[in-house]
Amino acid sequence: MINLFSSKYDVENCLANIRECLEKGWTGVGEKTKEFEKVWGEYVGFEHNIYLSTATAGFFHTLVCLKELNGWQDQDEIITSPITFVSANHSILHAGLKPVFADVDDTLCLDPESVREKITDKTRAVIFVGMGGNAGELEKVAAICQKAGVYFILDAAHMSGTKLNGRVVGNQADIAIYSFQYTKVLATAESGMVCCRDERLLNSIQRKAWCGIDKSRTPWSEVNKDRWYFDVNEIGDSSLGNDIMASIALAQFSHLEEEIKIRNRIAEKYWEGLKYIEKIGFIRIPDGCCSSRWLFQIVVENRDALIRYLEERQIYAGIHYLDNTLFKPYRYARGTCPKAQYYSERVVSLPLHLKLSEADIQFVIDTVAEFMETQ
Ligand SMILES: *Cc1c(COP(=O)(O)O)cnc(C)c1O
């Protein structure tokens with residue numbers, strides 16, 4: 001059986017880190033969390049970093065806090081992609097803002113021209129997804145945002161370790177949000193990180209992600225001199241990360257660079273094995289981008305039949321993603337993004353993870369080729 005995803009953990013080092021936490025009797029936000037925030041922030045080039053229970057919580061708190069800090073109104077607009085995991089789009093709605101869908105280009109990331117067309121005087125931010133680790137035209141979209149004076153938020157859920165012109169992708173954006181969910185390139189069980197330059201935003205997220213608790217003041221004073229007091233001026237939920245997840249993240253982080261090389265080699269083998277087949281399309285990766293290769297996607301006409309054919313041979317493929325405007329909360333935008341619709345009906349993600357053997361990779365290539373001959 002060849003799964004779409006399967007994470008390879010450094011079991012010994014994960015367990016050694018977790019053991020330290022358990023023996024100390026502290027599994028909440030502590031040293032491991034702070035250490036991971038520091039090493040990850042240095043890696044991606046941001047000064048202010050907060051480790052959370054999920055990336056989804058990161059999107060929600062980021063948008064709610066930006067709205068408050070900047071005085072945005074309900075229904076102010078956030079430009080976003082229809083080809084993505086629904087998480088960031090749900091967060092826009094949760095925050096009382098309006099998702100405005102721009103189309104994708106052949107990188108499956110937002111098309112800069114479409115973004116430019118969708119900007120209005122109500123636009124407050126653009127959320128750019130680095131699909132499968134691809135940087136797409138990220139720098140062009142960043143420049144458009146800067147010119148328009150709107151926030152550039154990077155959904156970097158697939159981008160742990162993606163590089164652009166030799167530099168780790170992150171601080172090209174105002175805010176980058178990473179996911180360390182169990183299938184992602186840097187896998188824990190569930191966790192995520194918000195990285196930003198604005199300390200006020202970070203403090204605001206910090207409070208919202210722990211029930212509105214403000215340790216810097218008391219109900220009767222602007223300054224808290226006694227660590228056992230705190231004030232609460234706003235509501236929040238409980239979505240901070242913890243030292244158990246950070247223990248796994250730290251152990252996995254030390255293998256990230258080497259793992260991305262392996263992922264790229266697998267992607268290269270798929271490409272070499274399939275590029276001769278005329279009826280298969282591929283996703284464009286711009287020059288200068290070294291993708292983290294969370295995904296290897298192909299584009300075919302008879303997509304469901306291919307997935308079924310693979311499944312009958314115990315190869316499990318996937319779809320990333322269905323056009324979000326097919327889903328009820330986003331139906332109002334259906335038909336506005338023709339390219340997204342095209343890819344939504346045709347993309348297939350082939351198995352890509354570190355447990356694939358040479359024989360597995362060849363079997364996937366041969367099986368796809370065999371299917372394509374019947375087309
Ligand atoms: C996985 C994913 C998320 C959500 O990450 P969680 O940590 O699971 O909340 C958001 N956006 C994209 C594009 C993703 O793939």
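Atoms within a ligand are numbered from 1 in the order they appear, just like the ligands themselves.
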Distance dump, ligand 1 polar atoms to protein, N/O, under 3.5 Å:
residue: ligand 1; atom: 5 (O); partner: S179; partner atom: OG; Å: 3.2
residue: ligand 1; atom: 7 (O); partner: A55; partner atom: N; Å: 2.9
residue: ligand 1; atom: 7 (O); partner: S179; partner atom: OG; Å: 2.8
residue: ligand 1; atom: 9 (O); partner: A55; partner atom: N; Å: 3.3
residue: ligand 1; atom: 9 (O); partner: T56; partner atom: N; Å: 2.9
residue: ligand 1; atom: 9 (O); partner: T56; partner atom: OG1; Å: 2.6
residue: ligand 1; atom: 11 (N); partner: D155; partner atom: OD1; Å: 3.3
residue: ligand 1; atom: 11 (N); partner: D155; partner atom: OD2; Å: 2.9
residue: ligand 1; atom: 15 (O); partner: H158; partner atom: NE2; Å: 2.6
residue: ligand 1; atom: 15 (O); partner: K184; partner atom: NZ; Å: 3.0
residue: ligand 1; atom: 15 (O); partner: Y321; partner atom: OH; Å: 3.1

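Judged as a salt bridge (Lys or Arg N to Asp or Glu O under 4.0 Å), and not counting sequence neighbours, D103 has no contacts.
Put simply, the side chain of R303 reaches to within 4.5 Å of the side chain of I319, judged on heavy atoms.
Note that the CG atom of L52 and the CD1 atom of I50 stand 5.0 Å from one another [nearest 0.5 Å]. From N203, atom CG reaches atom CD1 of I205 across 9.5 Å, with rounding to the nearest 0.5 Å.
Two rings, from H353 and F5, have their centers 6.0 Å or more apart.
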Task: W271 and Y276: CA distance, side-chain angles, deciding distance, ring pair (Phe, Tyr, Trp, His ring centres under 6.0 Å) verdict - done: CA-CA 9 Å; W271 159 249; Y276 305 101; 8.7 Å; no
